[in-house]
2 protein chains.
Amino acid sequence: MQNISEEKCKLVEELGLSFEDNHNLPPLAGRIYAVMILSSVDGHSFEDIIEITSASKSSVSTNLNLLVQLKFIEYFTKTGDRKRYFRTTKNYLRITLEEYLESIEKELNLVKKVNSFNKEHNPEKFKKNKNLGLIFQEYLTTQKENLETTIKKMIAFNNEFDQL
Amino acid sequence: MQNISEEKCKLVEELGLSFEDNHNLPPLAGRIYAVMILSSVDGHSFEDIIEITSASKSSVSTNLNLLVQLKFIEYFTKTGDRKRYFRTTKNYLRITLEEYLESIEKELNLVKKVNSFNKEHNPEKFKKNKNLGLIFQEYLTTQKENLETTIKKMIAFNNEFDQL
DNA sequence: TAATTGGTTCGGTGATTTCCGAACCAATAC
DNA sequence: GTATTGGTTCGGAAATCACCGAACCAATTA
């Protein structure tokens, strides 16, 4: 981490680590993403990233491409300049939430499956824990709804913003 | 996976995988935990687990102890029997939620930090994305509340249950 | 005391991940 | 045509992980 303040550097590490396990990204990808979120510059070049992260060309290349592929970041070009410039996609927060939503939906399905399996095969156990299982299912459902309304809000905000 | 139906076997794999990445457990630990959740038997012995999972003594030992340490499971003994019997803790669902709560709180703190960092250091960017950042923060807050009320519900249910 | 049972600990192996450097390629500049 | 720039691809090194078998230990049984 060069050319950035110590405060920012620390926050990059912390945020990077968080991306790392929330989105299953390699450490370097998490850090690159964090750098972009915490920066006011609109567009970091390949070389900028190499310098800031002190990583090799090949690693930076791989991880930038990964982030692009996952739509966390995008790149643009300037006329008369062969370089690519990278920045976070406008919808990165929404993408994060959509990812969560997907995983919550999966979990909810699994919990329903488990509940109905136990209802059928372990009726006594199910009776005992019925309410707990259902409370859990209820929790996941509420969480799913919260996600869905939040995503809608974000879409609405972006539409509004685009009209300006 | 021996001595269990194919349906159960499949569900064990699926549920095990889910624990594996929701709680960062080793694969075998996830499967063991899944087996116990899907079983009506109250108390699996060390040997039972070895047979069901077809894993080695050492691996089973390590992973059972890990699950006990993390309070996902507990063990009890029977008089005149040296074996230990394992079962899910009564509060395993609550523990799961408490774990979630902790991670949400961490994330919320991080998001607040990022928002205030950008507010200070990248005011223009912050202004543009202000509402998105706040919507996200709001989402996390709601989720946190949902978790807290769910946990309370579970505690209440358990207390009620204990009185019977 | 010797053998068995229930379980733990340790060293090592195969699989996976993350990163690097070197070679490489395609487009532009000289 | 040659050199440089911007970036990709490939092979391998280092680290980590999950699991196993073998040796081990402590408590019970014979």
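Fair warning: this is a prediction, and the values are worked out from it, not measured in the lab. Order of the sequence lines fixes the chain letters, A, B, ..., with proteins taken first and strands second; residue numbering starts at 1 for each chain.
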Mind calculating the distance between [atom1] ([X]) and [atom2] ([N]) to the nearest angstrom?
X: B:Asn63; N: D:dC19; atom1: CG; atom2: C1'; result: 9 Å
X: B:Ile49; N: C:dG7; atom1: CD1; atom2: C1'; result: 14 Å
X: A:Lys57; N: D:dG11; atom1: NZ; atom2: P; result: 19 Å
X: B:Leu66; N: D:dC19; atom1: CG; atom2: P; result: 11 Å
X: B:Ile50; N: D:dG21; atom1: CD1; atom2: P; result: 11 Å
X: B:Phe46; N: D:dA27; atom1: CZ; atom2: P; result: 17 Å
X: A:Leu67; N: D:dT8; atom1: CG; atom2: C1'; result: 16 Å

Query - Interatomic distance, A:Phe126 atom CZ to A:Lys119 atom NZ [nearest 0.5 angstrom] - result: 5.5 Å
Query - Between CD1 on residue A:Ile104 and NZ on residue A:Lys144, distance to nearest 0.5 Å - result: 10.0 Å
Query raised in the report: Out of B:Val12, B:Thr88, B:Ile32, which residue meets the side-chain contact (heavy atoms from CB on, under 4.5 Å) rule with B:Ile37?
Result: B:Thr88
Report task. Scan A:Glu14, A:Glu20, A:Glu13 and name whichever one has a side-chain contact (heavy atoms from CB on, under 4.5 Å) with A:Leu17. Result -> A:Glu20
Requested in this report: Please work out whether the ring planes of B:Phe136 and B:Tyr139 are parallel, tilted or perpendicular, with thresholds of 30° and 60°.
Outcome: tilted
Phosphate contact ([N] OP1 or OP2) by [X] side-chain N/O below 4.0 Å:
X: A:Ser59; N: C:dC20; answer: yes
X: B:Ser58; N: D:dC20; answer: no
X: A:Arg31; N: C:dT18; answer: no

Requested in this report: Compare the minimum distances between each of D:dC19, D:dT8, C:dG6 and the side chain of A:Asn65, then state the nucleotide with the smallest one.
Outcome: D:dT8
Report summary line: Out of C:dC19, C:dT9, C:dC20, minimum distance to the side chain of A:Ala55 belongs to C:dC20
Report task. Identify, residue by residue, the members of residues 73-84 of chain B with a heavy atom below 4.0 Å from DNA chain C, and return them in order of residue number, or none. Result -> B:Arg82, B:Lys83, B:Arg84
Query raised in the report: Testing A:Arg84, A:Lys90, A:Arg87 for salt bridge (charged side-chain N to carboxylate O under 4.0 Å, His left out) with A:Glu74, which one passes?
Result: A:Arg87
**Report entry** Side chain proximity check, B:Ser59 to B:Ser56, heavy atoms < 4.5 angstrom
**Finding:** yes
Query raised in the report: Within a strict 4.5 Å, meaning less than it, do heavy atoms of the B:Glu99 and B:Phe72 side chains meet?
Result: yes
Requested in this report: In sequence, state the C-alpha distance, the side-chain angles, and the governing distance for A:His23 and A:Tyr33, and then conclude on ring pair (Phe, Tyr, Trp, His ring centres under 6.0 Å).
Outcome: CA-CA 11 Å; A:His23 304 286; A:Tyr33 191 34; 7.0 Å; no
Report task. Go along nucleotides 12-18 of chain D 5' to 3' and tag each nucleotide: B for a protein heavy atom under 4.0 Å from its base, S when only backbone or sugar atoms are that close, - otherwise. Result -> ------S
